[in-house]
Amino acid sequence: MPKKVRVRFAPSPTGGLHLGGVRTVLYNYLFAKHHGGDFIVRIEDTDQTRFVPGAEQYIFDCLQWCGLIPDESPVHGGAYGPYRQSERKEIYRQFAEQLVKNENAYYAFDTPEELEQMRNNFKTEQNPSPQYDIHVREKMKNSLTLAADEVQKLLADGARHVIRIKMPQGETVSFTDMIRGEISNETSLVDDKVLLKADGMPTYHLAVVVDDYLMKITHAFRGEEWLPSAPVHVLLWKYLFGLENMPQWAHLPLILGPGGKLSKRDGAKYGFPVFAMNWTDPKTNELTEGFREKGFLPEAFVNLLALLGWNEGTEQELYTKEELIQKFSIDRVHKGGAKFDYEKAKWFNHEWIKKLTVDSLQLTVKEILIAKGMEISDDAVLTKVIGLVKDRCTLLPDFYEQAGFFFQTPTQWDVDAAKPKWNEDKKKFFEEFALKLAGIGNWELGELENVFKILATEKNIKPGELQLPLRIMLVGGKFGPPVFQIAEILGQSETVFRINKALEVF
RNA sequence: GCCGCGUUGGUCAAGGGGUUAAGACGCCUCCCUUUCACGGAGGAAUCACGGGUUCGAAUCCCGUACGUGGUACCA
């Protein structure tokens, strides 16, 4: 019987969650759910110097908004906790010591200053960034170069030290990536990465292997920036837990911005969000806009992210989360990085607004309008309004532009737009029209149009020439749904009121 | 510098030895609509380059270029 699929998203809580991060979560989630497995969130907070208050909560808020709910996490619980690496600190040391004992790792006592010095000394034009590797470790202060009793003494004295992996010489480490196939690296080209830091915390390299093992992770997804250090992880698996227990790796392609790699600066520069939700840096107070606040629906956000790097091979582009779960497969994930296209992102949102029912939009739209100072006294009216305008809304705030006038009498009119064809006859028409409207018995679309047409014929004015002025009177400008439908929803007294009020300035 | 990974229209992409090289976004034209959308019909636009292998290459191989990542006691 095959093992139950278990995947993990392992963010470092150091700031906002950007597009690429959410997509990594998504692919994890879709893969897990497709296979009936578990989706785990593990917080990789081993770097205490980079602790950012609120960042962890923010990550979970984003997941909540996207509807990607973990089965296990520090806040959702689970049988393999704790799920914060800072709370697992004691676990890692024994594995690091085990590696030392088996001569796969060693103690290193070099100070940061000495490391810096080494890099300066060995720096040449051919080798601008020398690494702590097989070539230099003989020249450094570590348990490979020091006498055994000296090492014991240093350890006993509590000297600050790290544990480094001892990369073997002349070996080829290879593994099969689910997206890229066979990947090979020469061990002599990889440096002796620090496994356990001087403060006793593991680095990513040790922690990811130990925790993936302890948490029984079967498939590991991460960004392709991890590819170069993959051989370290593979070796660690071999030394510690056996290659046969190693999860299957999948290194996801990058998401690029307009000028290369996507950074939060791109957002400010090109006017589109980069983070899932608004993020305010607690130190600088700098706000980075999020997709949620920009007016994206979570359904659309998830949909567009899924298609950025994955394609089913059909012409379908609109997917619900359930369809994605059903259809997602890792071997249809692209190898190449994808440039994020904000125009297409907006198209997805527009499609989703059109696709969603009025009911499911109602609450969100109501909140937006209320936030803009509208008073919504009648939900039935709002329902009609949403149905009428949703096709012309791309982002959620567009509902305010497209429908705000239903709940607020215009105070300004785009008179200029009507002016060129405006004259006394038309003014008279509207004065009379207002009177007739006030007398209508059954206020409904057909009746309104009738009264309008008959009067126009009577006055010998083309109805078409009267529609634009009427629109501007009712909504303030050249926008909105069909004008008589607006009047019908506005109601008799409000319509008459608006015409008369506008006539004062026309 | 070295190492890894990648490269089909402007963007997302299908296609993986023989196709008129799908589709979508965006752009343009027209129809619908006397607002703007929605909808409909069209259009322009692509296999990074150079060598092979082959009867035949976008597809397989090798180079080059370009992009991107790594080269931290960061993840």
Side-chain angles (χ1 to χ4, degrees), chain A residues 10-14 44-47 49-50 85 108 110-112 115 119 123-133 160-164 177 179-180 183-186 188-191 193-205 207-208 222-231 251 253-254 256 258 260-261 304 307-318 332 334-348 350-351 354 389-394 398 401-402 414 417 421 462-468 470-472 475 477-483 486:
Chain A
S12 177
T14 52
E44 309 236 342
D45 56 350
T46 53
D47 187 355
T49 64
R50 294 210 303 164
Q85 290 182 331
D110 318 275
T111 64
L115 289 176
R119 289 193 186 101
K123 184 154 60 176
T124 62
E125 247 179 56
Q126 300 307 308
N127 183 13
S129 44
Q131 25 183 34
Y132 199 120
D133 61 12
R160 280 180 77 82
H161 66 279
V162 301
I163 293 179
R164 285 179 182 272
D177 185 275
I179 295 170
R180 291 152 208 279
I183 307 273
S184 298
N185 288 84
E186 297 303 319
S188 16
L189 265 14
V190 183
D191 62 332
K193 295 255 184 260
V194 169
L195 265 20
L196 199 74
K197 300 188 262 190
D199 64 2
M201 279 286 193
T203 60
Y204 173 83
H205 308 293
V208 72
R222 58 182 6 175
E224 88 170 61
E225 67 270 23
W226 289 108
L227 228 26
S229 50
H251 290 88
L254 269 10
L256 308 168
K261 63 178 168 178
L304 73 92
L307 273 283
L308 203 55
W310 171 82
N311 184 291
E312 194 198 346
T314 67
E315 286 182 12
Q316 184 175 352
E317 293 198 274
L318 262 25
R332 290 204 62 94
H334 243 253
K335 291 185 183 70
K339 202 173 283 183
F340 175 68
D341 180 5
Y342 188 50
E343 292 305 317
K344 182 96 187 218
K346 284 193 292 192
W347 174 81
F348 273 107
H350 191 185
E351 291 302 311
K354 287 192 287 179
V389 305
K390 75 192 189 88
D391 281 6
R392 59 199 81 203
C393 294
T394 298
D398 293 347
E401 319 295 335
Q402 293 292 333
D414 185 0
K421 294 193 170 177
K462 280 190 217 153
E465 292 193 8
L466 295 163
Q467 282 203 19
L468 187 61
L470 177 58
R471 166 179 301 280
I472 294 171
V475 314
K478 291 166 63 175
F479 51 86
V483 69
I486 295 174

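For B:rA75, the OP1/OP2 oxygens have a side-chain nitrogen or oxygen of A:Thr46 closer than 4.0 Å. Taking side-chain N and O atoms only, A:Arg160 has no distance below 4.0 Å to OP1 or OP2 of B:rC73. Contact between the side-chain N/O atoms of A:Lys346 and the OP1/OP2 oxygens of B:rG26 is not found at any separation under 4.0 Å.
The P atoms of B:rA13 and B:rG6 are separated by 15 Å, rounded to the nearest whole Å. B:rU8 and B:rA48 have their P atoms separated by 6 Å, given to the nearest Å. When the P atom is used for both B:rA58 and B:rG50, the distance is 12 Å, rounded to whole Å.
As judged by a 4.0 angstrom heavy-atom cut-off over every strand, A:Val194 is placed among residues touching the sugar-phosphate backbone only. Residue contacts for A:Asp110: at a heavy-atom cut-off of 4.0 Å it reaches a base atom on one of the strands shown.
For the pair A:Asp191 and A:Lys193, the salt-bridge criterion is met [side-chain N within less than 4.0 Å of a carboxylate O].
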Show me the protein contacts with nucleotides 4-14 of chain B, counting only N or O atoms at under 3.5 Å.
residue	atom	partner	partner atom	Å
B:rC5	O2'	A:Arg180	NH1	2.4
B:rC12	OP1	A:Lys339	N	2.7
B:rC12	O2'	A:Leu307	O	3.4
B:rA13	OP1	A:Gly309	N	2.8
B:rA13	O2'	A:Asn311	ND2	3.1
B:rA14	OP2	A:His334	NE2	2.4
B:rA14	O3'	A:Arg332	NH2	3.3

Heteroatom pairs (N/O) under 3.5 angstrom, protein to nucleotides 36-40 of chain B:
residue	atom	partner	partner atom	Å
B:rC36	O2	A:Arg392	NH1	2.3
B:rC36	N3	A:Arg392	NH1	2.3
B:rA37	O2'	A:Asp391	O	3.2
B:rC38	O3'	A:Lys354	NZ	3.0
B:rG39	OP1	A:Lys354	NZ	3.0

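A donor-acceptor contact closer than 3.5 angstrom links the side chains of A:Glu312 and A:Thr314.
Closest to the A:Leu256 side chain, of the nucleotides B:rU35, B:rG1, B:rU68, is B:rU68.
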